[in-house]
Number of protein chains: 4
Amino acid sequence: MASSVVALDPAKQERRRQILAAAKTVFADSGYHGASIGAIIERAQIARGTFYLYFESKTAVFDSILDQAMKDLRARIRRIEVVEQTAAPPQVQLRAQVVAVFEYIVGDRPLAMLLLSAGHTPDVEAAERLDQFFGEIRDLLRRAVESGAEIGLLRKCHPELVAAAMLGMIRGVIELVIHDPSPPSIEVVVSEMLTVALRGVLA
Amino acid sequence: MASSVVALDPAKQERRRQILAAAKTVFADSGYHGASIGAIIERAQIARGTFYLYFESKTAVFDSILDQAMKDLRARIRRIEVVEQTAAPPQVQLRAQVVAVFEYIVGDRPLAMLLLSAGHTPDVEAAERLDQFFGEIRDLLRRAVESGAEIGLLRKCHPELVAAAMLGMIRGVIELVIHDPSPPSIEVVVSEMLTVALRGVLA
Amino acid sequence: MASSVVALDPAKQERRRQILAAAKTVFADSGYHGASIGAIIERAQIARGTFYLYFESKTAVFDSILDQAMKDLRARIRRIEVVEQTAAPPQVQLRAQVVAVFEYIVGDRPLAMLLLSAGHTPDVEAAERLDQFFGEIRDLLRRAVESGAEIGLLRKCHPELVAAAMLGMIRGVIELVIHDPSPPSIEVVVSEMLTVALRGVLA
Amino acid sequence: MASSVVALDPAKQERRRQILAAAKTVFADSGYHGASIGAIIERAQIARGTFYLYFESKTAVFDSILDQAMKDLRARIRRIEVVEQTAAPPQVQLRAQVVAVFEYIVGDRPLAMLLLSAGHTPDVEAAERLDQFFGEIRDLLRRAVESGAEIGLLRKCHPELVAAAMLGMIRGVIELVIHDPSPPSIEVVVSEMLTVALRGVLA
DNA sequence: CATGAATGAGTCTTCATTCAT
DNA sequence: CATGAATGAAGACTCATTCAT
């Protein structure tokens, strides 16, 4: 077989990535509205028209960034195995995942700022996309709480509410790490957060 | 009681409140950037120039709204008395305060939406103002955690981090209440949240 | 009774007229697309924003101009009275009308150029408006030819076709008058045109 | 037959024709300004750069189309022979020519639409080019009217004006034929038009 | 010759703010 | 004090044209 049919011109792919990176930074610095195409192309070192060669609109780049981030995050979140004997203990699995997610987000500062900015994106579609994304995570957490309660691992509680609280905690902690000039290490952050969260819900 | 030193013409004060209320709704509906002076003056039923008679700029109204909210919140938060014999038990005091705060925020839907929209407003000034607002609240929480730890009520922890987690939890839960079509009662919300939070940090 | 309720601020009306006049000239000089808002406001001696205070968009001014022109032209075209004894002879009525219409159009050079530019206006709506306008005139002509034939004044012919030819003649002649550096007088123009047209269709 | 002096590479010539055809359709559909190079090369199935290998600019293609049309029209118009005994009667010659011209134009719908769209193209150059095109035709007609008058065939008149009227008539009638969903046959059209025109100017 | 990625000047439109009445 | 007309800086997007491969 010859090389894949969908293999796009690598140079174009590279250009695209370059623009995406510039846009991500600018969006993170200035928010969606504050980010001007001018700022993006300046950072990307390209001409105005070139931008529109790779993205239909300002909204389109923004969406692209969100899509990629959501894909990456999803790839780092897996259902925790509690029954399989061969699997690591649940708390170990959990900790590993949380660390992975945190490292990904905190390692990509622009992305983190973008995600934290959630709430009010100007573009209705993008806002809905973000809402949906966080909704998914909240659902994931809620189901985890529910099954934890079923098997007696976790105390009886209002799963919806607890899930919302957990998600909020995560966001709050990330925000701290992002903004704090000398933030605690990821390890410390995750430990503290898990301690609070687990003590809050364990049976 | 003596009248305030800054007591302005009551008619002016009323006008000001009217504009503030209109602006709060518009900001809540459309975010900082999406809110136009046009929308605000239309809602406030005043002329364009009048707006600038009461506020220096768009940013100024926004700041005013946050200031008022912060003042209102502070008024609902008092140092919890742990030594005084006459005082109610700390947990009761705490619960009463949290309920008061929640009722204030959730009762003012526009304010709640405005605050939730936090993160990144495009306007640098506005974003900083919001950051500062939440920073103040986080400080409040951090000091509470610190003194709780000092008197041995709370476990040893990273106060900054725990405060951030708490603030995040609060935001997450408020978001749920605001957006959920049939949200749990404030009582339930506060109970659950306090349970999680306290178990997470009690010694 | 007080002054009319719909009497708009005369100053605003004047401003509007001023912009309209500037726009008409610019459109005539450069066509719809070639006309830039920049050119219009420069000619009207107003700021960019002011333009949008009086007109929603570039299209809106254009439409306004067309509307006015069509109204003015319609006011100059009346059904010719052939049965009434008191009326002037048909040919005299006809001549008077044609002269009036020509004087109006030729006297407003920008308008003439605009109308001649018909055909391809960029904006679909505007194009349809123009088509409709000329369609009305063609219908008027067709009905005139039809009734002329009925009463035996005009020869038997294909009314649709003849009407189209007449309308074309009018446009062609106007174009000449507009572009010719030293055009014949309106009197001559109308005489010659009516001669050709009448000889072409009289019984 | 000897080969033309300018005989270019036939392949290139073909390419050129292909682009010309595509451009003609696009211009007809969208007007000069509305036609984008993008649309033309898409229709012509060529790359962007290739277009500029065959034409200097957008204006150049437009000019080329008009030039070709003018050449084709001229090829269908010959001086009418009135003295030669062997020639067909003048009216027969005229009718044949007019039919030929009409068939050419109406048979090439894109060209017809392009020409009808005349008047004002936003681009000054293009507008001038169209004006020139019709100016040439008007001259042709004017000279015909002048010589007709000289030999006493036509009545004394203002040749310039009559030529303009004739040209307008032609345009008007073509417009009808092009836009009418069930237009009269070319034969009918030409007959009616010639009747009107000739009665209008014969001595 | 052909290609198509890159360019950047030029458009329309919005909106916070000012100021004469 | 109140008004609202006027302002103009700023931003997103288009498209004819060029040029390295």
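In the text below, chain A, chain B and the rest are named by the order of the sequence lines, each starting its count at 1.
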Q: Check the pair B:Leu114 / B:Phe62 against side chain to side chain contact (heavy atoms under 4.5 Å, CB included), numbers first and verdict last.
A: CA-CA 10 Å; B:Leu114 198 163; B:Phe62 191 72; 3.6 Å; yes
Q: Begin from the C-alpha positions of A:Ile19 and A:Ile41 and carry the test side chain to side chain contact (heavy atoms under 4.5 Å, CB included) through to its verdict.
A: CA-CA 7 Å; A:Ile19 299 175; A:Ile41 64 174; over 6 Å; no
(Q) If you apply the rule side chain to side chain contact (heavy atoms under 4.5 Å, CB included), what do you find for D:Thr25 with D:Arg43, and how did you get there? (A) CA-CA 9 Å; D:Thr25 307; D:Arg43 197 172 198 98; 3.5 Å; yes
Q: Go through the steps to decide whether D:Thr50 and D:Arg15 satisfy the test side-chain hydrogen bond (donor to acceptor under 3.5 Å, both in side chains), and finish with yes or no.
A: CA-CA 10 Å; D:Thr50 309; D:Arg15 202 57 144 178; 5.2 Å; no
Q: Dump the intermediate steps for side chain to side chain contact (heavy atoms under 4.5 Å, CB included) on B:Phe27 and B:Met113, then the final yes or no.
A: CA-CA 9 Å; B:Phe27 280 134; B:Met113 300 198 70; over 6 Å; no
Q: I would like to know whether B:Arg129 and B:Asp67 meet salt bridge (charged side-chain N to carboxylate O under 4.0 Å, His left out); could you show each step before the answer?
A: CA-CA 10 Å; B:Arg129 211 66 187 66; B:Asp67 283 345; 2.7 Å; yes
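Mapped onto DNA chain F by nearest heavy atom, D:Gly38 and D:Gly49 fall at different nucleotides, with D:Gly38 at the one closer to the 5' end. When each of A:Ser57 and C:Arg15 is assigned the nucleotide of DNA chain F bearing its nearest heavy atom, the one mapping closer to the 5' terminus is C:Arg15. DNA chain E is contacted by both A:Gln45 and D:Gln45; D:Gln45 maps to the nucleotide lying nearer its 5′ end (nearest heavy atom per residue).
Relative ring orientation between D:His33 and C:His33 is described as parallel, the plane-to-plane angle staying below 30° on a 0-90° scale split at 30° and 60°.
Within the 4.0 Å cut-off from OP1 or OP2 of F:dC13, at least one side-chain nitrogen or oxygen of A:Tyr52 is found. Look at B:Lys58 and you won't find any side-chain N or O under 4.0 angstrom from OP1 or OP2 of E:dT17. Side-chain nitrogen and oxygen atoms of D:Arg48 include none within less than 4.0 Å of the OP1 or OP2 phosphate oxygen of E:dA2.
Rounded to an integer number of Å, the gap from CD of C:Gln18 to P of F:dA5 is 15 Å. Regarding D:Ile41, its CD1 atom lies at a distance of 14 Å from the C1' atom of F:dT18, rounded to whole Å. For C:Arg16 and F:dG4, the CZ to P distance is 19 Å, given to the nearest whole Å. Rounded to whole angstrom, the span from the CD1 atom of B:Ile37 across to the P atom of F:dA6 amounts to 20 Å. Between A:His33 atom NE2 and E:dA16 atom C1' the separation is 14 Å, expressed in whole Å. As rounded to whole Å, 16 Å separates atom C1' of F:dA6 from atom CD of C:Glu14. Rounded to whole angstrom, the span from the CZ atom of D:Phe51 across to the P atom of F:dC19 amounts to 17 Å. D:Phe55 has its CZ atom 16 Å from the P atom of F:dT18, to the nearest Å.
Contacts of A:Tyr54 with the nucleic acid, taken as non-hydrogen atoms under 4.0 Å apart, involve only primed sugar atoms and P, OP1 or OP2. The residue B:Ala35 sits close only to the backbone: its heavy atoms come under 4.0 Å of sugar-phosphate atoms, none of a base. Using a 4.0 Å heavy-atom criterion, one finds that D:Leu53 contacts the bases of the nucleic acid, with or without backbone contacts as well. At a threshold of 4.0 angstrom between heavy atoms, the contacts of C:Ser36 are confined to the sugar-phosphate backbone, with no base atom among them.
For C:Thr50, counting side-chain heavy atoms from C-beta on, the closest listed nucleotide (E:dC12, F:dA12, F:dT7) is F:dT7. Checked against E:dT7, F:dT7, E:dG4, the side chain of C:Ile46 finds its nearest nucleotide in F:dT7.
The local environment of CD in D:Gln132 is crowded, with over 12 non-hydrogen atoms from other residues, nucleotides or ligands closer than 6.0 Å.
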Q. Given pairs defined as Watson-Crick or G-U wobble with both distances under 3.5 Å, what dot-bracket annotation applies to DNA chain F, with ( ) intrastrand, [ ] crossing, | other strand and . unpaired?
A. .||||||||||||||||||||
